[in-house]
Amino acid sequence: MKKILIVFGTRPEAIKMCPLVKELEKSEECRTIVCLSGQHREMLDQVMEVFQVKADYDLSIMKPGQDLFDITTEVLKGMRSVLMKEKPDIVLVHGDTTTAYASALSAFYLGIPVGHVEAGLRTWNLKSPFPEEFNRQGIGLIAKYHFAPTETARTNLLNEGKAEEDILVTGNTGIDALFFTVKKDFKSDVTEWAKESRLLVITAHRRENLGKPMHEMFRALRRIIEEFEDVKAVYPIHMNPQVRKIADEELAGCDRIRIIEPMPVNEFHNLLNAAYFILTDSGGIQEEAPALGKPVLVMRDTTERPEGVEAGTLCLAGTAEEGIYKKCKSLLEDQSLYHKMSEAKNPYGDGTASKKIRAFLEEKI
Ligand code: UD1
Ligand code: UDP
């Protein structure tokens, strides 16, 4: 029986890898081993709990104030031990985190093939998102198999010289996750709090936005909330203390903005579904929102997810206060713009990405 080792360490990787773990666990031809880096802790454990996935290994590397050197070296060395012990036939990594990059590098050093889930997304700008664009391109160099969510991602990989037979277009496993989490008629204390209002959902955490851009984002949100009395905002805040400090400085004391702890993914997906629109610098939310038909103002200067922009659901709003403020205002005042952006279109697949990856691996490894 072939051995597949799946490694991940942050919340978004877990959300998009758990559906695949569950699918691979059904296989009679492969045995699946799950290894967590523990780059995140609470935010990762929340996802494992929702999907009821158990890890075989946990490197538990997270420490407060960790930097990219800490994460890279701890994962690289930790994975060396796991891979030398398990000797898997393939290692699967996801996306663009430092856990994914350092795990792929460990496998490369030991001559173990790597499969890259969510391969081929590109901004072509190594500074944005930082360091994720580098991580993703680096994994692309190492990987034997590339599971591309869209045709655009496949084209990017072909243009880099990857062999056609090593690329599979699957859709995004994040859409598989939505089928598991989103329920009709979901209610929570937050949706009840906002039921007479238009609810904005906000998330922000990117490294390159820590500092001035994040201050500006939050100031724009505050102006909007103070100007539009029928609008409320909920912000499930990232655990990074640097993010929390800026949010506290800019958003404290505003009754119609609720800052809450990170939400379990099932509740968060249902919250997105209840939103009027979303403000975010997240990657994964740019995939989930088009599937749910929710307009997104992306608080970044670049995106590696152009399909959502083409579909009309995503709008790049930049990171400057004035730009974000104006985009929010238009979306709140211009009904035809709002309706255009909120038509549900889903460029990221039909929820069968994990099944496709499983079938491919059963045949190839
Ligand atoms: C990481 C990924 C980023 C991804 C993001 C998802 C890299 C370089 N960055 O960035 O691509 O978009 O995860 O959220 O891989 N913390 C906790 N508990 C947690 C999680 C984080 O306390 O469960 C705090 C810790 O103080 C930690 C800090 O947040 O030091 C930052 O975490 P880290 O993984 O270094 O960076 P992210 O910004 O989360
Ligand atoms: N998410 C969640 N709880 C929250 C906020 C976000 O489960 O309180 C989910 C969200 O649905 C998406 C993922 O976390 O699937 C995005 O994670 P994040 O923004 O941290 O990382 P990125 O996608 O930018 O790498």
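For ligands, and for the atoms within them, numbers begin at 1 and follow the listed sequence.
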> Check ligand 1 against Pro131 and write out every atom of the ligand that is under 4.0 Å from a heavy-atom position of the residue.
8 (C)
> So is Asp45 in contact with ligand 1, going by heavy-atom distances below 4.0 Å?
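False for this residue.
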> Please write down residue, atom name and distance for the protein heavy atom closest to atom 20 (O) of ligand 2.
Arg11 NH2, 2.9 Å
> When you measure from atom 19 (O) of ligand 2 to every protein heavy atom, which one gives the shortest distance, and what is it?
Ser282 OG, 2.9 Å
> Among side-chain atoms of Glu25 and Thr32, is any donor-acceptor pair under 3.5 angstrom?
no
> What atoms of ligand 2 come within less than 4.0 Å of a heavy atom belonging to Glu288?
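Matching atoms, with element in brackets: 10 (C), 11 (O), 12 (C), 15 (O).
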> Do any N/O atoms on Met43 end up under 3.5 angstrom from N/O atoms on ligand 1?
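Among all N and O atoms of Met43, at least one is under 3.5 Å from an N or O of ligand 1.
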> Regarding ligand 1, does Arg206 bring an N or O atom to under 3.5 Å of one of the ligand's N or O atoms?
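Looking only at distances, the answer is yes, because the N/O contact criterion of under 3.5 Å is met.
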> Is it the side chain (CB and beyond), the backbone, both or neither of Ser282 that lies under 4.0 Å from ligand 1, heavy atoms counted?
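Contact part for Ser282 vs ligand 1: neither.
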> Out of Gln242, Met239, Gln66, Glu13, indicate the one that has the non-hydrogen atom closest to atom 24 (C) of ligand 1.
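That would be Met239.
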> For His40 and His238, take the angle between the two ring planes, folded into 0 to 90°, and tell me which bin it lands in: parallel under 30, tilted 30 to 60, perpendicular over 60.
perpendicular
> Out of Arg300, Met263, Glu132, Met239, who gets a non-hydrogen atom closest to atom 3 (N) of ligand 2?
Met263
> Is any side-chain heavy atom of Ile202 closer than 4.5 Å to one of Leu221?
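Of all side-chain heavy-atom pairs linking Ile202 with Leu221, at least one is under 4.5 Å.
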> Can you name the residues that form a ring pair (Phe, Tyr, Trp, His ring centres under 6.0 Å) with Phe186, not counting sequence neighbours?
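Scan of Phe186 (ring pair (Phe, Tyr, Trp, His ring centres under 6.0 Å), adjacent residues dropped) gives none.
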> Provide the number and element of each atom of ligand 2 under 4.0 Å from a heavy atom of Gly283.
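Selected atoms, number and element: 22 (P), 23 (O), 24 (O).
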> Give me the ring orientation class for Tyr276 and Tyr338: parallel if the planes are under 30° apart, tilted from 30 to 60°, perpendicular past 60°.
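Aromatic pair Tyr276/Tyr338 classed parallel.
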> Under 4.0 Å from a heavy atom of His269: give me the atoms of ligand 2 that qualify, with their elements.
11 (O), 15 (O)
> Tell me: protein heavy atom nearest atom 9 (C) of ligand 2, and distance?
Ile15 CD1, 3.4 Å
> Between Lys345 and Glu343, does the salt bridge (Lys or Arg N to Asp or Glu O under 4.0 Å) criterion hold? Intermediate values first, please.
CA-CA 6 Å; Lys345 290 195 192 109; Glu343 279 164 29; 3.7 Å; yes
> Can you list the atoms of ligand 2 that are under 4.0 Å from a heavy atom of Pro262?
8 (O)
> Please work out whether any backbone atom (N, CA, C, O) or any side-chain heavy atom from C-beta onward of Pro12 is under 4.0 Å from ligand 1, and answer side chain, backbone, both or neither.
side chain
> For ligand 1, which is the ligand I care about here, please tell me if Arg11 has any N or O atom under 3.5 Å from one of the ligand's N or O atoms.
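In this structure, Arg11 places no N or O atom under 3.5 Å from an N or O of ligand 1.
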> Taking N or O atoms only and a 3.5 Å limit, does Glu42 qualify as a polar contact for ligand 1?
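It does: an N or O of Glu42 is found under 3.5 Å from an N or O of ligand 1.
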> Could you list the atoms of ligand 2 found under 4.0 angstrom from a heavy atom of Val265?
7 (O)
> Considering only protein heavy atoms, which is closest to atom 23 (O) of ligand 2, and at what distance to one decimal place?
Gly284 N, 2.7 Å
> Under 6.0 Å from the CD atom of Glu333, do we count more than 12 heavy atoms belonging to anything else shown?
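Above 12, so yes.
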> Heavy atom under 4.0 Å from ligand 1: found in Pro262's side chain, backbone, both, or neither?
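Answer for Pro262: neither.
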> With no hydrogens and no angle check, do the side chains of Glu288 and Tyr348 hold a donor and an acceptor under 3.5 Å apart?
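No - no donor-acceptor pair under 3.5 Å links their side chains.
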> Just jot down the ring pair (Phe, Tyr, Trp, His ring centres under 6.0 Å) partners of Phe108, sequence neighbours excluded, or say none.
none
> Would Asn135 count as being in polar contact with ligand 1, using the rule that some N or O on each side must be under 3.5 angstrom apart?
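Checking ligand 1 against Asn135, no N or O pair falls under 3.5 Å apart.
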> Between Thr97 and ligand 1, is there a nitrogen or oxygen pair with a distance under 3.5 Å?
no
> Tell me which part of Lys16 gets within contact of ligand 2: side chain, backbone, both or neither, using heavy atoms under 4.0 Å.
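The answer is neither.
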> Is it true that Glu287 lies under 4.0 Å from ligand 2, counting heavy atoms only?
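Checking ligand 2 against Glu287, which is what was asked, there is no heavy-atom contact under 4.0 Å.
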> Between Ile324 and Glu216, is any pair of side-chain heavy atoms under 4.5 Å apart?
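No, too far: nothing below the 4.5 Å cut-off.
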> Any idea which atoms of ligand 1 are less than 4.0 Å away from a heavy-atom of Ile71?
35 (O)
> Using a 4.0 Å heavy-atom threshold (strictly under), name the region of Leu68 that reaches ligand 1: side chain, backbone, both or neither.
side chain
